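Order of the sequence lines sets the chain letters (A, B, ...), proteins ahead of strands, with each chain counted from 1. Worth saying up front: this structure is predicted, and the values here are computed from it rather than measured.
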Amino acid sequence: MSLLPTATVATIARHVGQRVTLAGWVYHKTEKGKLIFILLRDGSGTIQCVTFKKNVSEATFATAQALTQESSCRITGTVRADERAPGGYELDVEEVELIGASHDYPITPKEHGVEFLMAHRHLWVRSSKQHAILRIRAEVIAAAQEWLNEQGFIRFDTPILTATAAEGTTNLFATDYFDLGKAYLAQTGQLYVEAGMMAFGRVYCFGPTFRAEKSKTRRHLTEFWMIEPEVAFADHEDNMRLQEQFVSAIVGRVLDRRREDLKVLERDTTMLEQVVPPFPRITYDQAIELIAHHQGEVEGADPLPWGEDFGAPHETLIASKFDRPVFVERFPSAVKAFYMQPDPNRPEVALCADLLAPEGYGEIIGGSQRIHDPALLEQRIHEHGLRIEDYEWYLDLRRYGTVPHSGFGMGIERVVAWLTGTRHIRETIPFPRQLYRIYP
RNA sequence: UCCCCAAUAGCUCAAUGGUAGAGCAGCUGACUGUUAAUCAGCGGGUUCCUGGUUCGAAUCCAGGUUGGGGAGCCA
C-alpha cells in the first residue's frame with residue numbers, strides 16, 4: 001500500500017464531494033468540546049479539517065484531540081465547500097492517523113525575534129511567510145532558466161573549486177586540495193562561462209558562489225546563488241537589452257503565477273507591474289551629478305568625486321528617482337574588474353552597467369562587455385597585479401577566434417528580496433550563510 | 001574591521017536603586033463553527049558572564065560574551 005495521499009490541498013477544489021486522504025502536519029488546532037478544527041499543512045497549502053465527535057469513532061476523536069502543533073498525520077474525510085472555512089473548502093473528518101508526534105514545537109503563532117528564528121531556521125521554513133518567499137525563489141529560478149533556454153541558451157556549469165581567484169585574491173574561501181595546494185571556492189563562474197560562450201554562442205551558468213567578505217549588512221551573504229549569461233558577438237547595448245527583457249520576463253512570471261504568495265507577504269505590486277522594457281539608463285557621470293543635485297535626501301548619500309564607486313545609500317538615492325529598474329553604465333575602469341572592455345571613445349570608462357532595483361533593494365545585476373583583444377587583456381592582468389600564468393587558459397579564449405562578447409551576473413537572493421519585499425536577504429535562501437552564522 | 005543599540009520565564013516584553021511581573025506557549029477542566037477562539041485554574045527565573053559602587057543592583061560603573069542595526073566591499 002502506498003503512503004501517498006490521494007489528494008493535495010492545492011488541488012482540493014477538484015475533489016468536492018469525494019472522500020480523500022491528506023497527509024501533512026498540524027499547523028494549528030482549535031478544540032471546541034465535541035468539535036475540533038485541525039488546520040492541516042501539506043506543503044501545497046493549508047486546509048481546515050473539521051472533526052465532529054458524533055461522526056467519528058472514539059479512538060479517532062481521541063487521536064484528533066491529542067494532535068499538537070506540527071504533528072504529522074494522515075487525515076481521511078469528505079471534501080466540501082463551506083464559506084466559513086479559510087480558503088473556502090474543508091474536510092469533514094472521518095479518520096485520523098498520527099504518524100509522528102511533535103512536542104513543544106518552539107515556533108508558536110506569536111511573534112519571535114530574529115535571533116530565535118534564525119537559530120530555528122530548519123523549522124522556520126515551515127511558516128507561511130517563509131513558505132511564500134521560498135516558493136517565489138523557486139519561481140524566479142525556474143523562470144530565469146526557462147526563459148534563457150527558450151532564447152537558445154545552453155546551461156554550462158562552471159566549477160566551484162577553482163585554482164585561482166577570478167577577480168582578485170582577496171575575499172576567497174580557501175581549502176586544501178590534495179597535493180596541488182590551495183583551492184578556492186568560486187566567487188563567480190564568469191571566466192569559465194566565457195569558455196562555454198566560445199563553444200556554444202549563448203550560455204549561462206547557475207550555482208552557488210562564495211565571498212569571504214566580512215560584510216555585515218542586510219544585502220550580503222557569504223554563499224549566494226548567481227545566474228550568469230554570456231553571449232558571443234554581443235556588445236554593451238545588446239547586453240543591456242538582454243537584461244531588461246530577462247528581468248521583465250522573470251517579474252512577469254512571478255506576478256502571473258505567484259500572486260497568492262505575494263498576497264501572503266502583503267507585497268504592494270504596483271511598482272512590480274511597471275517592470276517592462278525599456279529600463280531607464282544613466283551614465284556614471286550623470287549619476288555623480290544626480291547625487292550632488294539631491295544632496296541630503298538620503299542619509300549617507302553624500303556627493304562623490306569622479307572615480308569613486310557608489311555606496312548603498314547612493315544606489316538607493318539613484319533608484320528612488322525611477323519607477324523601474326535603472327541601469328547605471330560606463331563606470332570608471334579603475335573601480336571595475338580587469339576584463340571589462342574600455343569605451344573606445346573614453347578609455348577611462350568601461351562598457352559596463354549595474355542594474356539597480358527600485359525601492360532601495362540595490363544592485364541586482366552587474367554586467368559588461370568583455371575585453372576580446374588578447375594584448376589588452378594581458379596588459380590589464382598585469383595592471384591588476386595578477387599572475388599571467390594563472391590566466392593562460394583565459395587568454396587562449398582570445399587567441400583562438402576571439403569575438404566581442406558580453407555577459408552579466410544576477411544575484412538570485414537580491415531579486416527575491418526585491419520581488420517579495422523582504423527587507424533582509426537572509427530570508428530569501430533556505431539556509432543563509434552569514435559572517436557570524438553558519439548553524440543550522 | 002569600524003560606529004550605534006540590546007541581552008529579564010520556552011517566546012515577546014514590562015519593572016528607571018527598595019518584595020522580579022504580564023501576555024502568549026505548556027499542562028488541567030468547560031464548550032458543536034473556530035479563524036493567532038473564549039472562559040476558569042496550575043506550573044514556570046543563575047535578570048548573559050566576571051568584578052566593582054551601595055545598607056540594598058535587573059536597574060549605576062568597568063571589562064568580557066552573544067545578538068541586532070548600519071558602514072566599507074559587493075550580486
Side-chain angles (χ1 to χ4, degrees), chain A residues 27-39 46-56 61 65 68-70 82-88 90 92 102-120 124 127-128 167-168 170-172 187-190 208-228 243 299-302 308-316 331 335-337 354-357 361-367 408-418 423-426 428-429 434-437:
Chain A
Y27 201 68
H28 188 68
K29 191 185 76 171
T30 305
E31 271 194 73
K32 275 199 54 77
K34 293 166 183 157
L35 171 60
I36 303 172
F37 296 98
I38 302 160
L39 190 60
T46 57
I47 187 170
Q48 171 168 287
C49 303
V50 190
T51 315
F52 286 103
K53 190 167 188 178
K54 67 172 170 80
N55 291 359
V56 300
F61 197 76
Q65 274 185 308
T68 52
Q69 189 185 4
E70 289 301 319
D82 191 313
E83 60 186 19
R84 291 171 298 185
E90 62 183 23
D92 188 11
S102 164
H103 296 296
D104 299 321
Y105 185 71
I107 302 178
T108 63
K110 281 283 181 176
E111 289 168 32
H112 299 283
V114 172
E115 184 183 359
F116 180 80
L117 289 170
M118 289 308 299
H120 294 85
W124 191 21
S127 303
S128 59
E167 300 177 5
T170 52
N171 300 331
L172 286 173
Q187 59 182 342
T188 171
Q190 135 107 61
T209 49
F210 306 87
R211 308 250 169 119
E213 297 158 0
K214 293 204 167 180
S215 303
K216 194 181 168 303
T217 82
R218 65 171 185 275
R219 303 175 193 210
H220 289 86
L221 296 168
T222 57
E223 177 181 312
F224 68 98
W225 288 63
M226 188 153 65
I227 190 159
E228 297 175 88
Q243 288 171 48
E299 201 183 334
D302 301 321
E308 269 190 44
D309 209 350
F310 306 134
H314 301 112
E315 289 182 355
T316 300
F331 283 73
V335 300
K336 289 292 178 181
D354 286 354
L355 185 63
L356 307 182
Y361 289 95
E363 183 184 347
I364 52 173
I365 286 180
F408 62 93
M410 184 181 82
I412 296 294
E413 288 76 17
R414 288 201 182 163
V415 171
V416 174
W418 165 44
R423 189 86 180 128
H424 201 299
I425 200 169
R426 65 186 159 216
T428 63
I429 186 169
Q434 297 176 272
L435 185 51
Y436 295 118
R437 191 180 289 282

Between A22(B) and C3(B), how far is it from one C1' atom to the other, in whole Å?
35 Å

In whole Å, what separates the C1' atom of G67(B) from that of C73(B)?
23 Å

Phe116(A) has an atom CZ; how far is it from atom C1' of G67(B), in whole Å?
14 Å

base_contact_polar (U66(B) base, Glu115(A) side chain, donor-acceptor, <3.5 Å):
no

For side-chain contact (heavy atoms from CB on, under 4.5 Å), just list the numbers for Gln434(A) and Leu221(A), CA-CA rounded to whole Å, side-chain angles, deciding distance to a tenth of an Å, and then say yes or no.
CA-CA 5 Å; Gln434(A) 297 176 272; Leu221(A) 296 168; 4.0 Å; yes

Look at the side chain of Glu90(A) against the base of G33(B) and say whether a donor-acceptor pair falls under 3.5 Å; ignore hydrogens and angles.
yes

With rounding to the closest Å, how many angstrom separate the C1' atoms on A58(B) and U16(B)?
11 Å

How would you label the contact of His424(A) with the nucleic acid (heavy atoms, under 4.0 Å): base, sugar-phosphate, or nothing?
sugar-phosphate

Options C73(B), U1(B), G33(B), nucleotide nearest the side-chain atoms of Ser215(A):
C73(B)

Looking for any heavy atom pair under 4.0 Å, which part of the strands does Glu363(A) touch: base, sugar-phosphate only, or nothing?
sugar-phosphate

Provide the Watson-Crick or G-U wobble partner of C2(B), both distances under 3.5 Å; none if there is no partner.
G70(B)

For a quick test of reading the model: is some side-chain N or O of Arg218(A) closer than 4.0 Å to OP1 or OP2 of A71(B)?
no

Polar contact flag, side-chain donor to acceptor under 3.5 angstrom, Thr188(A)-Glu228(A):
yes

Rounded distance in Å between the C1' positions of A36(B) and G63(B):
43 Å

Using the C1' atom in both, what is the distance from U47(B) to C42(B), to the nearest Å?
24 Å

Spacing between Arg211(A) atom CZ and C73(B) atom C1', to the nearest angstrom
10 Å

Base, sugar-phosphate, or nothing for Asp309(A), non-hydrogen atoms under 4.0 angstrom?
sugar-phosphate

Distance-only, no hydrogens or angles: does the Lys54(A) side chain make a donor-acceptor pair with backbone N or O of Lys34(A) under 3.5 Å?
no

Under 3.5 Å, is there a donor-acceptor pair between the His112(A) and Thr108(A) side chains?
yes

With a non-hydrogen cut-off below 4.0 angstrom, is Glu413(A) in contact with a base, only sugar-phosphate, or nothing?
nothing

From the set G68(B), A75(B), G33(B), return the single nucleotide nearest to any side-chain atom of Phe37(A).
G33(B)

Below 4.0 angstrom, N of the basic side chain to O of the carboxylate: do Glu315(A) and Arg219(A) qualify?
yes

Rounded to the nearest Å, what distance is computed from the NZ atom of residue Lys214(A) to the P atom of nucleotide G72(B)?
18 Å

Length of the CD1-P vector between Ile365(A) and A75(B), whole Å
11 Å

Does a distance-only test, which skips hydrogens and angles, find a donor-acceptor pair under 3.5 Å between the side chain of His220(A) and the base of C74(B)?
yes

Reckon Glu228(A) touches a base, only the sugar-phosphate, or nothing at all at heavy-atom distances under 4.0 Å?
nothing

When the distance from CD1 of Ile36(A) to P of U35(B) is rounded to whole Å, what number comes out?
16 Å

For U59(B) versus A9(B), give the span between their P atoms, rounded off to a whole number of Å.
15 Å

Could you check whether Lys54(A) gets within reach of a base, just the sugar-phosphate, or nothing at all, counting any heavy atom under 4.0 Å?
base

Given that both distances must come in under 3.5 Å, which nucleotide forms a Watson-Crick or G-U wobble pair with U59(B)?
none

Pick base, sugar-phosphate or nothing for Gln69(A), based on heavy-atom distances below 4.0 Å to the nucleic acid.
nothing

What does Tyr436(A) touch in the nucleic acid at a heavy-atom separation under 4.0 angstrom: a base, only the sugar-phosphate, or nothing?
sugar-phosphate

Between C1' on U34(B) and NZ on Lys34(A), what's the gap in Å once rounded to a whole number?
17 Å

Comparing Thr68(A) and Gly366(A) on RNA chain B - which has the more 5′ nearest nucleotide:
Thr68(A)

Aromatic contact, Phe331(A) with Phe310(A) (centres under 6.0 Å)
yes

Going from CG on Asn55(A) to CG on Asp92(A), what distance comes out if it is rounded to the nearest 0.5 angstrom?
5.5 Å

Give none if A7(B) has no partner; otherwise give the nucleotide forming a Watson-Crick or G-U wobble pair with it, both distances under 3.5 Å.
U65(B)

Quick one: label Gly113(A) by what it contacts on the DNA or RNA (base, sugar-phosphate, nothing), any heavy atom closer than 4.0 Å.
sugar-phosphate

Taking for Gly311(A) and for Arg437(A) the nucleotide of RNA chain B with the nearest heavy atom, the one nearer the 5' end belongs to Arg437(A)

Inter-nucleotide C1' distance (G44(B), C24(B)), Å rounded:
14 Å

Is the ring of Phe224(A) stacked on the base of A75(B), with centres less than 5.5 Å apart and planes under 30° off?
yes

Under the 3.5 Å rule, do the base of C74(B) and the side chain of Arg414(A) count as making a donor-acceptor pair?
yes

Closest to the side chain of Arg84(A), out of G72(B), C31(B), G33(B), is G33(B)

Around atom NZ of Lys53(A), are there more than 12 heavy atoms of other residues, nucleotides or ligands at under 6.0 Å?
no

Give one of base, sugar-phosphate or nothing for Pro106(A), where a contact means two heavy atoms less than 4.0 Å apart.
nothing

Tell me: CZ of Phe310(A) to C1' of A71(B), nearest whole Å?
17 Å

Looking at Lys32(A), I'd like to know whether one of its side-chain N or O atoms comes within less than 4.0 Å of OP1 or OP2 on U32(B).
no

The Watson-Crick or G-U wobble partner of U19(B), with both key distances under 3.5 Å, is none

If we ignore hydrogens and angles and just use 3.5 Å, is the side chain of His220(A) paired with the main-chain N or O of Thr217(A) as donor and acceptor?
no

Taking atom P in both A20(B) and G45(B), compute the distance separating them and give it to the nearest angstrom.
14 Å

Mind calculating the distance between CZ (Arg423(A)) and P (G68(B)) to the nearest angstrom?
16 Å

